[in-house]
Q: 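Quick one: this structure, given as structure tokens, is what I'll be asking you about.
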Amino acid sequence: MHHNSKLPHVGTTIFTVMSTLAQQYKALNLSQGFPNFKSDQKLIDLVTNAMNSDYNQYAPMAGNLELRVAITNKFERLYNSTYHPDSEITITAGATQAIFTIISTFIKPDDEVLIFRPAYDCYEPAIELNGGKTISVQLEAPHYKVDWTVVSRKINSRTKMVIINTPQNPSGTIFSEEDMLQLQDLLEGTDIILLSDEVYEHIIFDDKKHQSACLFPDLKSRSFVVASFGKTFHNTGWKLGYCCAPKALMAEFQKVHQFNVFCVNHPMQKALADYLQDPIHYLKLSDFYQRKRDLFLSLIKDSRFQFTPAQGAYFQILDYSNITMEKDVDFAKRLTIDHKIASIPLSVFNTDNLDNKVLRFCFAKTDDTLKQAADILNTI
Ligand SMILES: Cc1ncc(COP(=O)(O)O)c(C=O)c1O
């Protein structure tokens with residue numbers, strides 16, 4: 001049977017390629033972004049409790065109400081910003097489903113969506129499936145700072161949505177307050193929707209403050225803020241996340257959500273609602289990961305890799321231009337096969353696969369794994 005692919009350019013992702021290679025060659029896997037340590041036993045027990053307490057049937061379409069209330073409380077505590085639990089929050093199957101649904105809800109053929117590269121890889125296929133056009137702003141290594149005059153030149157009457165991601169995967173950089181104010185100015189008076197991917201909001205270093213879109217009133221009025229419990233509570237396999245938006249935007253989102261999944265895993269939602277009662281569980285996360293970042297970087301400080309410490313998220317990018325001028329994809333494969341350490345080449349996230357000789361390493365790993373990784377990197 002003949003069929004025309006709706007995504008002719010999408011093949012196996014680099015994450016699958018590198019993880020498969022890592023397995024095949026028994027390499028340390030610092031490629032994919034997931035922790036290799038356990039989620040809190042307390043949280044796991046709360047899921048069992050929920051299952052034993054009748055939370056085994058469909059949740060409400062928007063999600064378990066106690067969880068939505070816990071999220072409302074979190075936004076008020078951290079950002080002094082209110083999202084109403086009845087109409088402005090939806091629990092999703094990870095941030096990925098929130099992102100896919102937001103894009104599907106609003107993007108029509110020929111609408112333009114602006115993204116910043118290097119970019120996480122789930123935005124573009126969702127835009128393309130809906131007939132939209134991805135407009136990329138390539139950020140330049142090594143600092144990946146946004147030039148807002150370039151952004152303003154790319155915004156026009158066809159621009160329907162802007163997607164930002166702070167702290168950013170894969171660069172580990174963050175948007176400053178000034179960045180957010182510039183963005184707010186650019187979007188003011190337009191009907192452009194902002195999708196603010198904030199899945200690493202609780203992983204931010206050196207006493208910097210996370211600049212959520214909800215902190216900026218005009219941005220908030222046009223934004224979906226997207227979050228992921230998997231990133232926050234070390235259980236990416238549970239695939240639970242959520243998004244928040246003003247009522248009118250959320251009403252449109254839920255029209256699509258209810259016929260896509262209707263609702264997501266109920267006992268885990270109940271468990272997360274209970275677990276979120278103690279804010280320490282997310283407040284301590286930045287310190288936890290900053291210690292890991294600092295350990296990893298102190299161990300490789302005399303290696304031939306060059307770096308600027310990550311400002312947020314759990315990825316550290318390393319520049320290897322002192323070592324070789326091989327293509328980053330080739331070098332990443334060679335490191336996996338010959339040196340038994342897997343990473344992700346940054347070019348896969350860039351416009352036209354721009355290759356700055358940079359690899360991404362995930363440091364959401366046990367100290368022991370980080371030490372083994374450093375031992376290898378110091379020999380290269
Ligand atoms: C920037 C970014 N957004 C979204 C996601 C997806 O999150 P989830 O696993 O909750 O679907 C990830 C996961 O790696 C990510 O790095």
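Note that ligands are numbered from 1 as they come in the structure, with each ligand's atoms numbered from 1 the same way.
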Q: Quick one: CG on N169 to CD1 on I344, what's the gap to the nearest 0.5 Å?
A: 9.5 Å
Q: Who's the nearest protein heavy-atom neighbour of atom 13 (C) of ligand 1, and how far?
A: K231 NZ, 2.7 Å
Q: With a 4.5 Å cut-off on side-chain heavy atoms, are L359 and L346 touching?
A: no
Q: Does any donor atom in the side chain of K220 or S81 lie under 3.5 Å from an acceptor atom in the other side chain?
A: yes
Q: Would one find an N or O of N165, backbone or side chain, under 3.5 Å from an N or O of ligand 1?
A: no
Q: Nearest protein heavy-atom contact for atom 11 (O) of ligand 1: which residue, which atom, what distance?
A: T96 OG1, 2.5 Å
Q: Nearest to atom 9 (O) of ligand 1, what protein heavy atom do you find, and at what distance?
A: K239 NZ, 3.3 Å
Q: Which heavy atom of the protein is the closest neighbour of atom 3 (N) of ligand 1, given with residue, atom name and distance?
A: D197 OD2, 2.6 Å
Q: Any side-chain donor paired with an acceptor under 3.5 Å for D368 and Q372?
A: yes
Q: If the cut-off is 4.0 Å to any non-hydrogen atom of G94, which atoms of ligand 1 fall inside it?
A: 10 (O), 11 (O)
Q: So for ligand 1, is Y123 a polar contact partner (N or O within less than 3.5 Å, distance only)?
A: no
Q: Evaluate salt bridge (Lys or Arg N to Asp or Glu O under 4.0 Å) for K292 paired with D294, printing each intermediate quantity in order.
A: CA-CA 5 Å; K292 288 199 178 287; D294 292 346; over 6 Å; no
Q: Got a donor-acceptor contact below 3.5 angstrom from the K340 side chain to the I337 backbone?
A: yes
Q: Which ligand 1 atoms does S228 reach within 4.0 Å, using its non-hydrogen atoms?
A: 8 (P), 10 (O)
Q: Determine whether any heavy atom of F229 lies closer than 4.0 Å to an atom of ligand 1.
A: no
Q: When you compare ligand 1 with A95, is there at least one nitrogen or oxygen pair between them that comes in under 3.5 angstrom?
A: yes
Q: Do N235 and S39 meet the criterion of a side-chain donor-acceptor pair at a distance under 3.5 Å?
A: yes
Q: Suppose I only count heavy atoms of Y120 and a 4.0 Å limit; which atoms of ligand 1 are within that range?
A: 1 (C), 2 (C), 3 (N), 4 (C), 5 (C), 6 (C), 12 (C), 13 (C), 14 (O), 15 (C), 16 (O)
Q: Would you check, one step at a time, whether the test side chain to side chain contact (heavy atoms under 4.5 Å, CB included) holds for I102 with M161?
A: CA-CA 10 Å; I102 294 162; M161 185 180 286; 3.8 Å; yes
Q: For N169, take its heavy atoms, then give the atoms of ligand 1 lying under 4.0 Å from any of them.
A: 1 (C), 15 (C), 16 (O)
